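Here is the structure we will look at.
For the single chain, residues carry numbers from 1 onward in sequence order. Quantities reported herein were computed from a predicted structural model and do not represent experimental measurements. Atoms considered below: every heavy atom in the structure, side chains included; atoms not considered: hydrogens, waters and symmetry mates.
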Amino acid sequence: LSRRQRQMCIRDRSITRDNVVEVIGKCIGVFYWNKSVIKYLWDYYKGDQPILYRQKITNEDITNKVVENHAYEIVQFKVGQTYGEPVQFISRKDDEKVNKAVDTLNDFMSDANKQEKDIKAGEWQSATGTSFKAIQPKNGDIPFRIVAPTPINTFVIYNESTEEPILAVQELKDEKGKFYKMAFSNTMSFRIVDSKVIESKLHTYGEIPIVEFPNNHERISDIELVSGILDSINNMQSNRMDGICLLYTSPSPRDVEESR
């Protein structure tokens, strides 16, 4: 792939109602670039690969399109190795009170089905180069839920100097199909429609509720660096099937003789 995701960074500044649209505007072009890359890689992982669009000039009536989806195999292996067992928290202190609190947190995480969200985010992470997880408050025995939003509509803006996150943004649709953005800073949430802040309020998360989990610092997916090899395998197998079909559909010497 001649495509690379890019991290979104701005210079050190605080996020307010007055400048949040400007900050997002400086990064939105990079987001839409990344979005196309992520969508391509995600579809590639699911089997929508270039060989399916092959065209032939000769013998076009015999055009096999064989996908050996090793991209799926690569991602599933990585996810199984990383998240095959539930990720749990441990205490680094020999303190009974702290240890009990950590055990309670692990119980909450298990009841909130955190492992399923880890696996879901892990697929995005491996296939597209990045992933996100978010926490939402709710009523009930478990005071929160964990979600894994798609990287196709989610991004995080970082401080250029410290590389710390300063704003998380999601591009969403309302019930009428109209796009809007939800943005979260450490203390505020903003609803933005047509580049105008129509609602801003303090939130009680304590910090930005959406966290990015990149596959690596450069956000390179596990399949994009080998996609050329994978495409060649598909092309080879498709050509092999073309050859077999051509062999068994070619007229025999008797057929040629009878046609004269």
Counting C-beta onward and ignoring hydrogens, is there a side-chain heavy-atom pair between [X] and [Y] closer than 4.5 Å?
X: Met182; Y: Val169; answer: no
X: Ile10; Y: Glu160; answer: no
X: Ile229; Y: Ser227; answer: no
X: Asp48; Y: Tyr53; answer: yes

Report the distance from atom [atom1] of [X] to atom [atom2] of [Y], rounding to the nearest 0.5 Å.
X: Lys35; Y: Thr154; atom1: NZ; atom2: OG1; value: 10.0 Å
X: Thr187; Y: Tyr205; atom1: OG1; atom2: OH; value: 13.0 Å
X: Asn153; Y: Lys181; atom1: CG; atom2: NZ; value: 10.5 Å
X: Cys27; Y: Asn34; atom1: SG; atom2: CG; value: 10.5 Å
X: Met236; Y: Ile51; atom1: CE; atom2: CD1; value: 11.0 Å
X: Ser126; Y: Ile223; atom1: OG; atom2: CD1; value: 7.5 Å

Working note: Glu116 + Tyr83, criterion side-chain hydrogen bond (donor to acceptor under 3.5 Å, both in side chains); need CA distance, chi angles, decisive distance, verdict.
CA-CA 9 Å; Glu116 189 272 332; Tyr83 303 106; over 6 Å; no
One pair to check against side-chain contact (heavy atoms from CB on, under 4.5 Å): Phe132 and Val211. What are the steps and the verdict?
CA-CA 6 Å; Phe132 298 89; Val211 179; over 6 Å; no
Expected output: side-chain [X] to main-chain [Y] donor-acceptor under 3.5 Å:
X: Gln49; Y: Tyr44; result: yes
X: Ser110; Y: Asp107; result: no
X: Thr130; Y: Gln125; result: no
X: Glu212; Y: Phe155; result: no
X: Asn19; Y: Ser14; result: yes
X: Glu224; Y: Ser221; result: yes
X: Lys56; Y: Ile62; result: yes
X: Arg54; Y: Asn64; result: yes
X: Asp43; Y: Tyr40; result: no
X: Asn234; Y: Glu68; result: yes

Would [X] and [Y] show up in the same hydrophobic cluster when neighbours are defined by side-chain heavy atoms closer than 4.5 Å?
X: Ile119; Y: Phe213; answer: no
X: Ile15; Y: Phe184; answer: no
X: Ile157; Y: Ile210; answer: no
X: Tyr32; Y: Ile192; answer: yes
X: Phe190; Y: Val21; answer: yes

Show the numbers, then the answer: is there a side-chain contact (heavy atoms from CB on, under 4.5 Å) between His217 and Glu163?
CA-CA 11 Å; His217 182 72; Glu163 297 187 347; 4.2 Å; yes
Ionic contact status for Lys65 with Asp242, cut-off 4.0 Å
no
Considering non-hydrogen atoms only, spot the tightest contact between [X] and [Y] and give its length.
X: Arg17; Y: Val197; answer: NH2-O, 3.0 Å
X: Val98; Y: Ser91; answer: CG1-OG, 3.4 Å
X: Ala183; Y: Leu167; answer: CB-CD1, 4.1 Å
X: Ser131; Y: Ala121; answer: CB-O, 3.1 Å
X: Pro214; Y: Arg219; answer: CB-CG, 3.9 Å
X: Lys117; Y: Ala148; answer: O-CB, 4.0 Å

Review item, side-chain donor-acceptor pairs of residues 72-81, under 3.5 Å, at least two apart:
unit_1, atom_1, unit_2, atom_2, d
Glu73, OE1, His70, ND1, 3.0
Gln76, NE2, Tyr45, OH, 2.7
Gln76, NE2, Glu123, OE1, 3.4
Lys78, NZ, Asn215, OD1, 3.2
Lys78, NZ, Asp222, OD2, 3.1

Counting neighbours of [atom1] on [X] that are heavy atoms of other residues, nucleotides or ligands and sit closer than 6.0 Å, is the number greater than 12?
X: Asp94; atom1: CG; answer: no
X: Lys100; atom1: NZ; answer: no
X: Ile90; atom1: CD1; answer: no

Show your working on side-chain contact (heavy atoms from CB on, under 4.5 Å) between Met109 and Phe89 and close with a plain yes or no.
CA-CA 10 Å; Met109 292 297 177; Phe89 300 98; 3.9 Å; yes
Is it the case that Lys173 places NZ or CZ above or below the six-membered ring of Tyr180, under 6.0 angstrom from the centre and within 45 degrees of the axis?
no
Checking Lys120 against Ile146 for the side-chain contact (heavy atoms from CB on, under 4.5 Å) test, could you report, in this order, the C-alpha distance in whole Å, the side-chain angles of both residues, the deciding distance, and whether it holds?
CA-CA 11 Å; Lys120 180 180 178 182; Ile146 300 171; over 6 Å; no
Show me the donor-acceptor pairs within less than 3.5 Å that the side chains of residues 135-145 make with the rest of the protein, sequence neighbours left out.
unit_1, atom_1, unit_2, atom_2, d
Gln136, OE1, Arg145, NH1, 3.3
Lys138, NZ, Ile142, O, 3.4

